[in-house]
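Fair warning: this is a prediction, and the values are worked out from it, not measured in the lab. Along the sequence shown, the residues carry numbers beginning at 1. Just so you know, these numbers use all the heavy atoms, side chains as well, and skip hydrogens, waters and symmetry mates.
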Amino acid sequence: MNIRDLLIKDAMIMDLKASTKEAAINEMVHQYHLAGVIDDEELYKKDILAREAESTTGIGDGIAMPHARDKAVKKAAVLFAKSKQGVDYNSLDGQPVNLFFMIAAPAGANNTHLQALAALSSLLIDPKLVAALKQAQTPEEVQQLFADAQAQKEAKENQKSTTAQASSTTRPFIVAVTACPTGIAHTYMAEESLEKTAEAMNVDIKVETNGSEGVKHQLTADEIKKASGVIIAADKKVEMARFNGKPLLNRPVIDGIKKADELIEKAVKGNAPVYHQDVTAEAEEETSNNSVWSEIYKDLMNGISHMLPFVVGGGILMALSFMVEQYMGGSKSIGFIFLNNAGNLAFAFMIPVLAGYIAESIGDRPALMPGFVGGFMATVYSGSFGGAYVANVMTNAKSSAGFLGGIAAGFIAGYLTLFLKKIFAKLPKSLEGMKPMLLYPIFGLVLVALIMFFIVNPIFSVINSGVTAFLNHMGTGNAIVLGIVLGGMMSIDMGGPFNKAAYVFAVAAFTSTKNGDLMAAVMAGGMVPPFATAIATAFWPKKFTDDERKAGITNWVLGFSFITEGAIPFATADPLRVLTSCILGSAIAGGLTQWWHVSVPAPHGGFWVTPLASNPFGYIIAIVIGSIIAGVILGKWKPVKNK
């Protein structure tokens, strides 16, 4: 694919007006929409902001490369934008950004598109090209500069391949792997930077890329064995077992771009920790500043993200079955039986999946099976399944350990697997093949089952029974307070830890009691922020930018569907006013649902599941009141935008 086809002239912005990061992203996303590259501004912007939340794409030297790959993109493209005054983009070097390359890749992009995007990204390592782009005045000139740079690179690579056989065998040799979450830009920029720097340092290097088009230039066992050191420049998991026993530097992908010389020098000298795949503390050097709590949160979110499809799909089918039971034939109708069974089966997997993927996040694949089994043991205390067998999975307990027990099972299985890896690391290498197929499954399962049977299930069944009893016998006053707290938490970070904690608590209560009271509170609280911003932009338009007003229109739909994240761009631009007003409105909405005894037997859906609510009118009015209060406060509080 020709690079000119990616750099669409109609999408270029030769004089970017924005002065802030948020405004720059809005301006570029809107330009993409005008050029017909994307058909959903809000979805694409949401994914752009999600990528920025992981780490800034302002790579330094006046360059930023925001990028996203989603279904809003109709065709692969790169938007070039130039800012004369510079934009404070929170770049890694703290300097303003003058050149922007917003990369858009379709969700189903083929290899041709992805290879072209990778090639274009890698060209930006060339300082001469960057300097020329800063002086470019027309879109045609930008296209020509990239075309010339690509031609020069291809010619150089052809020359390099013809002389490869004559290269000296006495030069140091190292290997590297580059990878980033989206696999579009940084993966290939790090590859290019490492290769160019190695050439300048008279070092041979082979770089494997784990990008969006899959693994390219995969390292062989002989190459790894021959290498004096290994560089991992990655922000996502890569296959690590093959590097066992090698000096290894594990750094973020941006270090592969910005600190290539430092990494190569250390790898050549073997000045790196030796990686041992079965040791708990894997060989990493300053890889992360994450706290223990952030790691725990990451592991928990891995379980929750895999669990949610089971919760949403199963919960809504069960809720629909109750409608069929009430209006279309009762509990003996085929419609009720089918929907209820399908929903219950999905729910049955919920806690095992949660526990399994928490464990997998901690201990990798060997932890998955004991995590699943531990999660299953937390869901049932005694029962037969299809008449095939009977399971009694706890002692001295009269109820299941439930959601909390499942979370405990996941963490126990994960850390037990790390412990087993450390123990089995001392075994002879001749037994290496037995570990994943025999030792980890048997010992992992036995240890997790023992702990769940004799310790976790008895303890957590008491806790779970207490929580269930409290929820079942909770007075109206306590219910309102809890509804206020949960509703408000949904707006504190709009999809972050507080939001997820409130949602998970409501789901846990729902699965334990089959009572959807708290689901109504969190659903109402989560719908307020997008509705509030929609109201504020509609009635106080002069206080918002053009892009914010357009986002406000979209938020009517997002609010209707219980997608809280639609308010994130507003909260990012003005956190004090937006968060304060939304938290207040969400807390009121959550409290009102409990005051009016609203119950929603579905874990998602927003207004779409209103017919399932026990008090549909109260459900709607609670959300409307909370949204109006938040919207009016925000609209009144916001200052008028300067022209």
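- Side-chain atoms of Gln144 do not come within 3.5 Å of backbone N or O of Glu140 as any donor-acceptor pair.
- With salt bridges taken as basic N to acidic carboxylate O contacts below 4.0 Å, one links Glu262 and Arg251.
- A donor-acceptor pair is defined here as one N or O able to donate and one able to accept, closer than 3.5 Å; such a pair exists between the side chain of Thr197 and the backbone of Ser193.
- A pairwise comparison of heavy atoms in Val177 and Arg242 identifies CG2-NH2, 4.0 Å as the closest pair.
- In terms of modelled atom types and a separation under 3.5 Å, the side chain of Thr178 and the main chain of Thr209 share no donor-acceptor contact.
- Between the CE atom in Met12 and the CG atom in Asp10 there is a gap of 9.5 Å [rounded to 0.5 Å].
- To the nearest 0.5 Å, atoms CD1 (Ile412) and CD1 (Ile451) are separated by 5.5 Å.
- Remark: Lys134 NZ is packed, more than 12 non-hydrogen atoms of other residues, nucleotides or ligands lying under 6.0 Å away.
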With side chain to side chain contact (heavy atoms under 4.5 Å, CB included) as the criterion, how do Asn210 and Thr187 come out once you've worked through the C-alpha distance, each side chain's angles and the decisive distance to 0.1 Å? CA-CA 7 Å; Asn210 287 201; Thr187 299; 5.7 Å; no
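- Summarising the local packing, CG of Asp88 is surrounded by 12 or fewer heavy atoms from other residues, nucleotides or ligands at distances under 6.0 Å.
- The shortest distance between side-chain heavy atoms of Lys206 and His217 falls below 4.5 Å.
- The existence of a salt bridge linking Asp39 and Lys74 is excluded, since no basic side-chain nitrogen approaches an acidic carboxylate oxygen closer than 4.0 Å.
- Leu145 and Ala136 get closest at one heavy-atom pair: CD1-CB, 4.2 Å.
- No donor-acceptor pair under 3.5 Å is formed between the side chain of Glu265 and the backbone N or O of Met201.
- When every heavy atom of Met452 is checked against every heavy atom of Met377, the shortest pair comes out as CB-CE, 3.9 Å.
- The side-chain heavy atoms of Phe376 and Ile351, taken from C-beta on, include no pair separated by under 4.5 Å.
- Side-chain contact of Lys45 with Asn26: a donor-acceptor pair under 3.5 Å is present, judged by distance alone.
- Nearest approach of Ile224 to Phe243, heavy atoms of both residues: CD1-CE2, 3.7 Å.
- Taken to the nearest 0.5 Å, the CD atom of Gln143 stands 10.0 Å off from the CG atom of Leu6.
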Can you list the steps and then say if Leu439 with Leu420 is a side chain to side chain contact (heavy atoms under 4.5 Å, CB included)? CA-CA 9 Å; Leu439 299 181; Leu420 291 174; over 6 Å; no
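- Relative to the six-membered ring of Phe424, Lys435 misses at least one condition, a distance below 6.0 Å or an angle of at most 45° to the axis.
- Sorted by first then second residue, the ring-ring contact (aromatic ring centres under 6.0 Å, His included) pairs that include residues 68-93, not counting sequence neighbours, are Phe80-Phe101, Tyr89-Phe100.
- Residues that satisfy the side-chain hydrogen bond (donor to acceptor under 3.5 Å, both in side chains) test with Glu41, not counting sequence neighbours, are His30.
- Nearest heavy-atom pair across Ala409 and Gly375 is CB-N, 3.8 Å.
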Would Val448 and Leu445 count as a side chain to side chain contact (heavy atoms under 4.5 Å, CB included) if you check the C-alpha gap in whole Å, the side-chain angles of each, and the deciding distance to 0.1 Å? CA-CA 5 Å; Val448 169; Leu445 178 58; 5.8 Å; no
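- Using a 3.5 Å distance cut-off with no hydrogens or angles, the side chains of Glu52 and Thr57 do pair a donor with an acceptor.
- Enclosure of atom CZ in Phe411 by more than 12 non-hydrogen atoms of other residues, nucleotides or ligands within 6.0 angstrom is indicated.
- Under the side-chain hydrogen bond (donor to acceptor under 3.5 Å, both in side chains) criterion, Thr417 pairs with no residue at all, not counting sequence neighbours.
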Test Tyr275 against Lys246 for side chain to side chain contact (heavy atoms under 4.5 Å, CB included), laying out the working first. CA-CA 6 Å; Tyr275 177 77; Lys246 302 293 295 186; 5.7 Å; no
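- Across Pro247 and Ser228, no two heavy atoms sit closer than the pair CG-O, 3.8 Å.
- For the pair Tyr32 (side chain) and Ala77 (backbone), a donor-acceptor distance under 3.5 Å is present.
- Between Glu360 and Arg365 no salt bridge is recorded (no basic side-chain N to carboxylate O distance below 4.0 Å).
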